Visitor: 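Below is the structure I would like to discuss, written out as structure tokens.
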Amino acid sequence: MAKTKATIWHNPACGTSRKTLAILEALSGVELTVVEYLKTPPSAEKLAQLYHDGGITPQQGLRLRGTDAVERGLPEADDATVLAAMVADPILIERPLVETDKGVRLCRPQDKVLEIL
């Protein structure tokens, strides 16, 4: 049986991100790619695709806690503005995002990852 390919955009400092990664690592049928997005941010095009495939808007993918997103007006900004801000300052990307052949989920809570495995 073919392994499920999964990519997680991970922040090791984030508890929810670590718990989601642990779920993925515990499953033997998953071929996992871990991207530390603060070190290797995705492009605006990749983020747009992830949010589209996950059925959410870039604004719904914004990390508000611990960022200046609200002060910058990003929750009300257009998609291109939000995506450009995320690429320039990847701390604005809410985590963790997980992509498999079955789709994309913003895994908050971490159990949402099970929907795409």
Side-chain angles (χ1 to χ4, degrees):
M1 192 169 143
K3 286 189 173 238
T4 299
K5 290 186 191 292
T7 302
I8 181 172
W9 280 267
H10 176 59
N11 179 345
C14 170
T16 303
S17 195
R18 289 193 307 270
K19 289 174 191 169
T20 304
L21 181 60
I23 290 170
L24 291 165
E25 289 175 334
L27 299 170
S28 59
V30 174
E31 185 180 315
L32 185 59
T33 302
V34 178
V35 178
E36 288 192 32
Y37 69 89
L38 293 176
K39 294 179 184 172
T40 312
S43 67
E45 294 77 18
K46 181 63 179 177
L47 280 169
Q49 175 255 306
L50 289 169
Y51 295 137
H52 176 268
D53 292 353
I56 64 172
T57 66
Q59 294 79 2
Q60 290 170 309
L62 262 174
R63 179 157 181 86
L64 301 179
R65 202 172 82 205
T67 74
D68 63 351
V70 172
E71 290 81 354
R72 290 165 64 176
L74 292 173
E76 294 78 40
D78 63 75
D79 291 0
T81 301
V82 172
L83 294 169
M86 289 173 164
V87 171
D89 193 2
I91 195 70
L92 293 167
I93 301 169
E94 184 62 279
R95 65 221 177 215
L97 282 162
V98 178
E99 180 179 34
T100 71
D101 293 339
K102 294 182 182 175
V104 176
R105 290 293 179 273
L106 177 56
C107 297
R108 301 190 76 80
Q110 64 270 10
D111 295 347
K112 285 187 92 57
V113 74
L114 300 174
E115 296 173 6
I116 53 170
L117 293 174

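What you see below is based on every heavy atom in this structure, not just the backbone, and it leaves out hydrogens, waters and symmetry mates. Computed from a predicted structure; not experimentally measured.
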Visitor: Do you know the tightest heavy-atom contact between Cys14 and Arg108?
Guide: SG-NH1, 4.0 Å
Visitor: Out of curiosity, does Ile91 fall in the hydrophobic cluster containing Val35 (side-chain heavy atoms, cut-off under 4.5 Å, transitive links)?
Guide: yes
Visitor: Is the shortest heavy-atom distance from the side chain of Met86 to the side chain of Pro41 under 4.5 Å?
Guide: no
Visitor: Considering only heavy atoms from C-beta outward, does the side chain of Thr7 approach that of Val98 to under 4.5 Å?
Guide: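 Of all side-chain heavy-atom pairs linking Val98 with Thr7, none is under 4.5 Å.
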Visitor: Please list all pairs meeting side chain to side chain donor-acceptor pair (under 3.5 Å) that have one or both residues in residues 13-25, counting only residues at least two apart or in different chains.
Guide: His10-Ser17
Visitor: May I ask you to test the Leu24-Leu117 pair for a side-chain heavy-atom distance under 4.5 Å?
Guide: yes
Visitor: Hey, any chance Ile116 and Val104 share a hydrophobic cluster, counting ILVMFWY side chains that come within less than 4.5 Å of each other, even indirectly?
Guide: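 Different clusters.
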Visitor: Mind checking whether Gln60 and Tyr51 have side chains closer than 4.5 Å, heavy atoms only?
Guide: no
Visitor: Check the pair Leu32 / Leu21 against side chain to side chain contact (heavy atoms under 4.5 Å, CB included), numbers first and verdict last.
Guide: CA-CA 9 Å; Leu32 185 59; Leu21 181 60; 3.5 Å; yes
Visitor: Over all heavy atoms of both residues, which pair between Leu62 and Pro75 is shortest? Give the atoms and the distance, please.
Guide: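 Taking Leu62 first and Pro75 second, the nearest heavy atoms are CD1-N, 3.7 Å.
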Visitor: Has the side chain of Gln59 got a donor or acceptor atom that lies under 3.5 Å from a matching backbone atom of Ala77?
Guide: yes
Visitor: Starting at CG of Asp53, measure out to CD of Glu99 and round the result to the nearest 0.5 Å.
Guide: 6.5 Å
Visitor: What heavy-atom pair brings Glu71 and Thr67 nearest, and what distance separates the two atoms?
Guide: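 Smallest heavy-atom distance, with atoms named: OE1-O, 3.9 Å.
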Visitor: Side chains of Leu38 and Asn11: does their closest heavy-atom pair fall under 4.5 Å?
Guide: yes
Visitor: Ignoring hydrogens, what is the shortest heavy-atom contact between Arg72 and Asp89? Give both atom names and the distance.
Guide: NH1-OD2, 3.6 Å
Visitor: Considering only heavy atoms from C-beta outward, does the side chain of Arg105 approach that of Leu97 to under 4.5 Å?
Guide: no
Visitor: Tell me which one of Glu45, Lys46, His52 satisfies side chain to side chain donor-acceptor pair (under 3.5 Å) with Gln49.
Guide: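 That would be Lys46.
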Visitor: Is there a path of hydrophobic side-chain contacts, each under 4.5 Å between heavy atoms of I/L/V/M/F/W/Y residues, joining Leu50 to Val34?
Guide: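 No; tracing contacts between hydrophobic side chains, which count when under 4.5 Å, never links both residues.
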Visitor: Is there a donor-acceptor contact under 3.5 Å from the side chain of Asp78 to the main chain of Thr81?
Guide: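 Yes; at least one donor-acceptor contact below 3.5 Å.
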Visitor: Does any part of the side chain of Trp9, heavy atoms only, come nearer than 4.5 Å to the side chain of Glu94, both counted from C-beta?
Guide: no
Visitor: Determine, using the 4.5 Å side-chain heavy-atom cutoff (strictly less than), whether Ile8 and Ile56 are members of one ILVMFWY cluster.
Guide: no
Visitor: Under 4.5 Å between any side-chain heavy atoms of Thr100 and Lys5, yes or no?
Guide: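 SC-SC contact between Thr100 and Lys5 ruled out.
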Visitor: Quick check: closest heavy atoms across Lys3 and Val30, and the distance to 0.1 Å?
Guide: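 Taking Lys3 first and Val30 second, the nearest heavy atoms are NZ-O, 4.2 Å.
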Visitor: Rounded to the nearest 0.5 Å, what separation is found between the CD1 atom of Ile93 and the CG atom of Leu47?
Guide: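 Going from CD1 on Ile93 over to CG on Leu47, the span is 4.5 Å.
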Visitor: What are the two closest heavy atoms between Ala48 and Leu83, and how far apart are they?
Guide: CB-CD1, 3.8 Å
Visitor: Determine whether a donor-acceptor pair (N or O, by modelled atom type, separation under 3.5 Å) exists between the side chain of Thr40 and the backbone of Tyr37.
Guide: no
